[in-house]
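Have a look at the structure below, then the notes.
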Amino acid sequence: MEQEKLHDLLQSLTLQEKIGQLIQLSGEFFDATDISLGPQRKLGITQEAVDLAGSVLNVAGAKEVKRIQDIHLRQGGHPIPLLFMADVIYGYKTVYPIPLGIGATWDPALVERAYTNTADEARASGLQISFAPMVDLVRDPRWGRVLESTGEDPYLNSRFATAMVKGFQKNLAAGSGLVSCVKHFAAYGAAEAGREYNPADLSTPTLFQDYLPSYKAAIDAGVKMVMTSLTTLNGVPATADKWLLQDILRKRWGVDGVIISDYASVYELIKHGFAQDSTDAAAKALTAGVDIDMKSPCYANGLQPLVENGHLSEAKIDDAVWRVLTLKNELGLFEHPYGGATEEREHAQTLTPEKRSLARDLSRKALVLLKNNENLLPLNPHSNQRVALIGPYADEQELLGLWAVHGERKDTVTIKAGFSEYLPAQQLQTAKGTDIIRDRAMLEKMGVSAEQIGHIISGSNTEQSNHDQALAIAKNADIIVFAAGEHTLQSGEAGSRTRLRLPDNQRQLLAELRKLNKPIVLIVISGRPLVLTDVQDQADAILQAWFPGTEGGHAIADVIFGRYNPTGRLSMTFPYDEGQLPLYYNHLSTGRPENHSQHSGRFVSRYIDNPNKPLYPFGYGLSYGSVQYGELKLDSDTLAAAGRDELTAAISVTNTGAVPREETVQFYIHDQVASIVQPVKRLIGFQKVPIQPGETKTAALTITPDMLSFANRDGEFITEPGMFDLFAGPNSQDVHQTSFSLTE
Ligand code: GLC
């Protein structure tokens, strides 16, 4: 529709019709049957508000979308179609590894292609907008939503935020793209103590240097929507924070797209102690800049009286409605209210062999080999070795993770199925051994129903039988592969944990298997970095597999049997102990650093009961074979801050092994002296280098002054002349070092 006609449409709407465009409800509100009154009564809104609502969340499927759109256009009385939005975080029907695994790929280009495929599937199924990417930086694995993040580094998170937004939105004009909604603005990942929905409290330099860059990257990539965080930032709920939404988003960053609240976060302003009641909450959220109120009664019941009583200008409402109508118009919804979705297109576009193949490749690249004593891996499928595949994840299709809302277990390739494509039946025996978890009290605390608990926790006879069967096949095997990990429900939203170990029942079985003195490969399925300290000696090889997605079983088998040389590198630190948390590589030095202080012994920055160091550091991961790094060289030892000067760093890498590999060469800097003290290391670039056996390649990085800038107390990025250390290597710890000076 032309702009002029769109303006006319806006002007033609009543106040109530305008407010309707700012309301988002879930699918059950749009059923034609009487049950729809239930949620309406529960939420406390009128049927008129439902009939006039502007968007729906988490309804998908071409048939269902068409049905609801038809009801709406029939009942709404005006020609404005609904927008359909959903959580399509890491895949739609073809589900990828969780974003923390995607972060371990260090492959933004592949991720961009994957997200274009996802947009294709979701758009064919009637969705127009995805509440993704979630780009919250996370330094504390106790927080369950670390699952959705690409990790602890601002630069790497920004690269992936860019890739995901561009991937989603690439084919928007062609009708097969998805509008991307970046979330959760801002700094939700800094929830104190890793406890869900807890406050975030950050200094301005930390906020701007570490937590905001990934949102900014999404905005620079053209993201069309922003979702607010459920939490407070420095005492103000993000959903009503004028400074965040007006001063930063709209004024400083020039965002003119739709801002949507998180689920009921407008209403929760009351619980935060920021709003008196739902009308006050509506006034504060709209004034701060929230255009759409997701699943709360505040806008539906509060905005009209606010305008009619003169407490809110209708012009404010018009601005918000204009942004919503513009988005609908850009999507062509007025002409094509189903967004081009048909059941035929949906069937043709989802879970295609090509999409599965790319998902398998992405899943392989997400796998991180953490340990491989005496090169136990890869296993040789032609060696007649008898493999005992044991554990609750050995033959389990629940490999998608909590936020794979639209993925289906039935489509998932299990580890057993993956192994069976490499090993003949007589060489592979499988046994569950034990449940994933047997902690009834924890499941009840999570609100899991008794019936569901019955499916999770086996009866004691079954458990004993599973245990005995596992020991039996292990005794007859040459190699034990133990597929273990946390339950899907233990991570994701509201999945905060204080103890990050494998479940006790799994650790007990692993200890028994260890007594058989046979080689053990441990595969870890998890939505977070677990504390593996107390099991790492129980296995000769450890493969971190995350929730690996629809093609997980294929990907794991491809690495275990050597078809793919693992390239995954951790995008988040694995702690030695929960007591160290939060623990991250780009930390500050302190005045008494543990190893370089003039103080000795007791009076340095350390724990007396645990090391400072993590179990596995940021950037870490092993590959098959071996590699040799050469000297780190610079083409100059000075870089001028003024002008367009640049410096090139280069380091050679030789594949000294017998198999091809892809090395991810990482480059870090340390600003030795600055007016705001700087981290001991900060990632500024990386290069993925494929290397054949015996070959030497050079990885290089061009450094410009802006890459050396840091945030000051006003949140502005500045550079200061001085000496910089430069590091390069396979991870954030094993690095080669040189230095250069930044001059005026
Ligand atoms: C949830 C999450 C958010 C999600 C929204 C809609 O509470 O915080 O990430 O997009 O609700 O499901």
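Remember, it's 1-based here, ligands and their atoms both numbered in the order they're listed.
Here is the list of ligand 1 atoms found below 4.0 Å of a heavy atom in Leu230: 8 (O). Near Tyr263, meaning under 4.0 Å from any of its heavy atoms, are these atoms of ligand 1: 7 (O), 11 (O). Near Asn58, meaning under 4.0 Å from one of its heavy atoms, ligand 1 places the atoms 12 (O). Taking every heavy atom of Lys183 and a limit of under 4.0 angstrom, the matching atoms of ligand 1 come to 3 (C), 4 (C), 9 (O), 10 (O). Here is the list of ligand 1 atoms found below 4.0 Å of a heavy atom in Phe131: 10 (O).
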- Kindly determine whether Glu148 and Arg145 satisfy salt bridge (Lys or Arg N to Asp or Glu O under 4.0 Å), including the steps that lead there. CA-CA 5 Å; Glu148 289 173 77; Arg145 301 195 76 164; 2.5 Å; yes
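Here Glu148 has no heavy atoms under 4.0 Å from ligand 1, in either its backbone or its side chain. Contacts between Met134 and ligand 1 below 4.0 angstrom, taking non-hydrogen atoms only, are absent altogether.
Aromatic pair Tyr115/Phe168: centroids less than 6.0 angstrom apart. Aromatic pair Trp253/Phe208: ring centres not closer than 6.0 Å.
Remark: the backbone N or O of Ala366 is paired with a side-chain donor or acceptor of Trp546 at under 3.5 angstrom. With hydrogens and angles ignored, the 3.5 Å screen pairs a side-chain donor or acceptor of Arg345 with a backbone N or O of Gly340. Judged by distance alone, with hydrogens and angles left aside, the side-chain atoms of Thr116 form a donor-acceptor pair with the main-chain N or O of Gly167 at under 3.5 Å.
Close N/O approach between Trp403 and ligand 1 is not found [any backbone or side-chain N/O within under 3.5 Å].
In this structure, Glu408 pairs ionically with Lys93, as a charged nitrogen and a carboxylate oxygen lie closer than 4.0 Å.
In terms of protein heavy atoms, atom 3 (C) of ligand 1 is closest to Asp262 OD1, 3.4 Å. With respect to atom 12 (O) of ligand 1, the closest heavy atom belonging to the protein is Asp87 OD2, 2.5 Å.
Residue contacts with ligand 1 include Arg145, since one of its heavy atoms falls under 4.0 Å from the ligand. Heavy atoms of His184 come nearer than 4.0 angstrom to ligand 1 in at least one pair.
Side-chain atoms of Gln490 and Ser526 form no donor-acceptor pair, as typed in the model, at a separation below 3.5 Å.
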